[in-house]
Structure formats: structure tokens, C-alpha cells
Amino acid sequence: MKTTKILMLGLMTLSLIACDKHDFFDDLVIVGQVGPQAYWEVESSVVTAGQQMGFDAQYYTSEKERTIDHSEVWYNLTEKLEKTVTCPWVTTFTYTITSTVSEEKRVSQKIAEYAHDDVGQWNDSLHAYAFHATFPVSGTLSPFAWVKPTTFDEEKMNTYFGENYMSEFKSDLYSKMSFADFKSMYTKMGLVEDFKIYTDSTFDVNSNAYVQHFPWNADSTATPVPDKIQELWNDSIKFADLIFNSSENAYSVEYKRSYSIRAVMRVYDDMGVYGLTVPKDIDIN
């Protein structure tokens with residue numbers, strides 16, 4: 001026990017001596033040069049494509065041996081796609097497929113550069129350099145929308161939603177439809193004059209009422225969709241028919257493409273070290 005205590009005291013003594021010669025916390029500090037301190041405010045959170053976004057900037061450096069050289073505005077580009085397609089013909093459920101996808105289309109890059117004026121930009125009241133300027137936003141980034149068109153365009157549908165979208169939509173919808181949905185759709189579309197020829201009914205004790213359905217199989221194990229109903233689905237009903245809303249006289253499809261940027265200002269000193277402002281998220285309209 002005495003030997004252990006002496007050893008522990010020796011280690012503690014060595015540790016204190018080491019701390020005296022070498023500061024442990026210095027090893028935890030990231031070694032690097034301090035860039036200028038910068039702050040900015042943009043005029044709006046929304047900008048029109050092809051226009052200039054105005055901003056006010058303030059900056060200074062606490063490094064006495066270095067001076068401000070110039071500043072730059074950088075931003076990335078994010079594309080947002082919103083898609084919605086609805087079949088208004090079904091009655092027992094709502095069939096709408098929606099998706100919203102945001103993707104960075106361009107990583108952050110320099111957009112504009114601003115010269116530093118050591119005399120003209122100094123503001124005594126702020127104790128910092130300050131200036132007002134603008135940066136450009138490309139005119140090719142205007143939002144685009146194809147919403148509830150009155151004329152269906154198959155080429156646009158393939159371009160915006162993919163070449164397999166229409167067939168997959170139609171197939172998935174078919175798998176979910178009930179007798180009531182087929183009856184309502186085919187009757188309203190005028191595909192069947194009298195749906196009674198495809199109708200049978202069974203008394204349901206739970207509801208104390210007759211329930212309509214397609215005729216049973218011979219073994220009474222299922223109510224398959226009759227061949228004629230399947231044939232009409234395959235040959236007479238097109239995707240465009242399924243999404244046409246007669247009450248609106250338009251097709252229930254929406255495609256919206258929009259862009260946004262995340263902008264930041266960099267302020268460089270004469271050693272090439274830069275400081276960053278807080279980023280600003282800006283929508284483009």
C-alpha cells in the first residue's frame with residue numbers, strides 16, 4: 001500500500017511539472033489564423049430571377065498586422081420539384097400521388113467580388129467598414145409550373161414525371177379499386193350503359209343490407225373483375241382519362257419547379273484569410 005501511494009504521488013508531481021512547461025489546453029485549440037469579422041443583411045428573403053439582390057455589409061479585422069483586401073459573395077443553388085397527380089373518379093378512397101424533392105444542383109461558388117476602400121468605407125459610428133452593394137441572380141432560374149392544364153400533353157408528362165409514370169399510376173390505381181369505384185367510373189365515363197349486367201349482391205348480416213359486388217366465381221371464393229371490365233380498362237381508358245376532372249374541365253396534374261440559394265459573404269485580408277457572415281436563404285421567383 002505504501003509503495004502504491006508513493007508511486008501515485010510521483011506521477012502527480014510529474015504531471016504538475018509537465019503542466020508548468022507545456023499547456024495541455026493549447027493542444028485542444030485549433031491552430032489557424034483569425035479572419036476578419038463580418039456581418040450582413042440582404043434586402044429580402046425573395047428575389048426575382050434576373051434581378052440584383054441588394055445587401056448592406058459591415059466588417060473589420062482584429063489582427064493589427066494584417067489589412068482587409070476584398071470581399072466576395074458566394075452561394076449554392078437548390079432545386080425544388082413538387083408533383084401531384086389525382087384520379088377524381090374513385091369514390092371509396094382518395095387516390096393522389098404527391099412528391100416533393102429538393103436537390104442541390106450547384107455547390108457554393110463565387111458570384112461577385114467587391115474591392116475594399118480603406119478610407120471611403122470606414123464608418124466611425126460603427127467602428128467598422130461598411131458598404132451597400134448588390135449581387136446578381138440568373139434569369140434562367142425563374143420558377144416554372146404546369147398546373148391543371150385544360151389540354152393534356154403526353155410529352156410533358158413523360159418529361160416531368162418519367163416515361164413509366166403513367167403506366168405505373170394506372171396499374172396501381174386498378175389494384176386498389178373496388179366494385180363501387182369501377183361502377184362509378186365506368187358509368188360516369190359512359191363506358192357501360194347498364195352496369196347491372198356486371199352486378200351481383202349478397203346479404204350482409206353485419207350491416208343488415210345487401211352488398212353489391214361483381215358476380216362470384218363458380219367456387220364462390222372471390223369476386224374477380226369481369227373480362228369485359230378489364231378489357232375496357234386496358235383498351236378504352238387512357239391515363240389522361242383517369243386524371244380528367246370534369247367539374248373543373250382540367251386535368252388533375254401539377255408540376256412545379258422552383259429554386260433557392262443560400263448566400264454568404266466572405267471578407268478576405270491581405271494574407272488570404274477570410275471571415276464568413278451568417279448565410280442567408282433566399283427564394284427565387
Side-chain angles (χ1 to χ4, degrees), residues 14-81 101-143 257-285:
L14 288 173
S15 297
L16 291 172
I17 293 173
C19 288
D20 185 55
K21 292 183 178 180
H22 180 75
D23 188 355
F24 171 74
F25 290 100
D26 279 347
D27 291 337
L28 301 180
V29 177
I30 298 175
V31 178
Q33 297 176 324
V34 178
Q37 286 73 52
Y39 169 83
W40 75 334
E41 287 293 339
V42 295
E43 290 182 345
S44 174
S45 59
V46 180
V47 64
T48 300
Q51 299 298 312
Q52 298 280 327
M53 170 60 81
F55 67 91
D56 291 291
Q58 301 174 24
Y59 58 86
Y60 67 93
T61 179
S62 57
E63 299 296 311
K64 297 181 180 179
E65 297 181 358
R66 300 204 296 271
T67 58
I68 303 293
D69 185 75
H70 72 282
S71 56
E72 300 171 352
V73 167
W74 289 56
Y75 62 68
N76 73 346
L77 177 66
T78 297
E79 180 185 69
K80 182 180 180 182
L81 298 179
V101 178
S102 294
E103 179 184 1
E104 185 178 55
K105 304 297 288 187
R106 189 179 68 203
V107 298
S108 188
Q109 59 184 249
K110 185 172 78 170
I111 303 301
E113 182 173 323
Y114 310 89
H116 172 68
D117 184 347
D118 196 60
V119 176
Q121 292 177 341
W122 178 255
N123 188 305
D124 283 330
S125 62
L126 296 174
H127 299 289
Y129 298 101
F131 71 96
H132 175 82
T134 64
F135 61 84
V137 176
S138 174
T140 63
L141 302 179
S142 297
R257 183 179 65 232
S258 58
Y259 296 96
S260 63
I261 58 176
R262 170 163 283 196
V264 66
M265 190 177 77
R266 296 182 178 186
V267 179
Y268 289 80
D269 64 23
D270 58 351
M271 296 294 290
V273 180
Y274 65 84
L276 292 171
T277 62
V278 173
K280 301 293 184 180
D281 292 316
I282 303 168
D283 293 325
I284 302 173
N285 64 14

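Just so it is clear, the values below take in all heavy atoms, side chains as well, and ignore hydrogens, waters and symmetry mates.
Between Phe55 and Lys280, every side-chain heavy-atom pair lies at or beyond the 4.5 Å cut-off. Here the side chains of Arg262 and Asp281 are in contact, with some heavy-atom distance below 4.5 Å. Contact annotation: the side chain of Phe131 never approaches that of Trp40 to less than 4.5 Å [non-hydrogen atoms, C-beta and beyond]. A heavy-atom distance below 4.5 Å is not found between the side chains of Asp269 and Asp69. Within the 4.5 Å cutoff, no side-chain heavy atoms of Tyr60 are placed close to those of Val267. Two residues are said to be in side-chain contact when any heavy atoms from C-beta on lie closer than 4.5 Å; Glu43 and His132 meet this criterion.
In this structure, Ser102 and Lys80 approach most closely via the heavy-atom pair OG-CG, 3.7 Å. In terms of heavy-atom proximity, Ala57 sits nearest to Met265 at CB-CE, 3.4 Å. Heavy-atom minimum distance, Ser138 versus Ala49: O-CB, 3.5 Å. Nearest heavy atom pair, residue Val107 against residue Glu104, reads CG1-OE1, 3.8 Å.
Atom OH of Tyr268 sits in a crowded spot, with more than 12 heavy atoms from other residues, nucleotides or ligands closer than 6.0 Å. More than 12 heavy atoms of other shown residues, nucleotides or ligands fall within 6.0 angstrom of atom CD in Gln109. Around the CZ atom of Arg66, the shell of radius 6.0 Å holds more than 12 heavy atoms that belong to other residues, nucleotides or ligands.
Between Phe135 and Tyr75, the two ring planes are tilted [angle within 30° to 60°]. Classified by interplanar angle (parallel below 30°, tilted 30° to 60°, perpendicular above 60°), the ring pair Trp122/Tyr129 is perpendicular.
One finds the CG atom of Asp283 at 12.0 Å from the CG atom of Leu141 (value rounded to the nearest 0.5 Å). Atoms CD and CD1, on Glu79 and Ile284 in that order, are 11.0 Å from each other to the nearest 0.5 Å. The distance from atom NE2 of His116 to atom OG1 of Thr67, rounded to the nearest 0.5 Å, is 7.0 Å. Expressed to the nearest 0.5 Å, how far CG of Leu77 lies from NZ of Lys105 amounts to 9.0 Å. One finds the OG1 atom of Thr78 at 12.0 Å from the CD1 atom of Ile282 (value rounded to the nearest 0.5 Å). Between the CZ atom in Arg266 and the OG atom in Ser71 there is a gap of 12.0 Å [rounded to 0.5 Å].
The backbone N or O of Gly35 sits less than 3.5 Å from a side-chain atom of Gln37, completing a donor-acceptor pair.
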Original post:
Does the pair Tyr39 and Glu41 meet the rule for a side chain to side chain donor-acceptor pair (under 3.5 Å), with working shown?
Top reply: CA-CA 7 Å; Tyr39 169 83; Glu41 287 293 339; 2.6 Å; yes

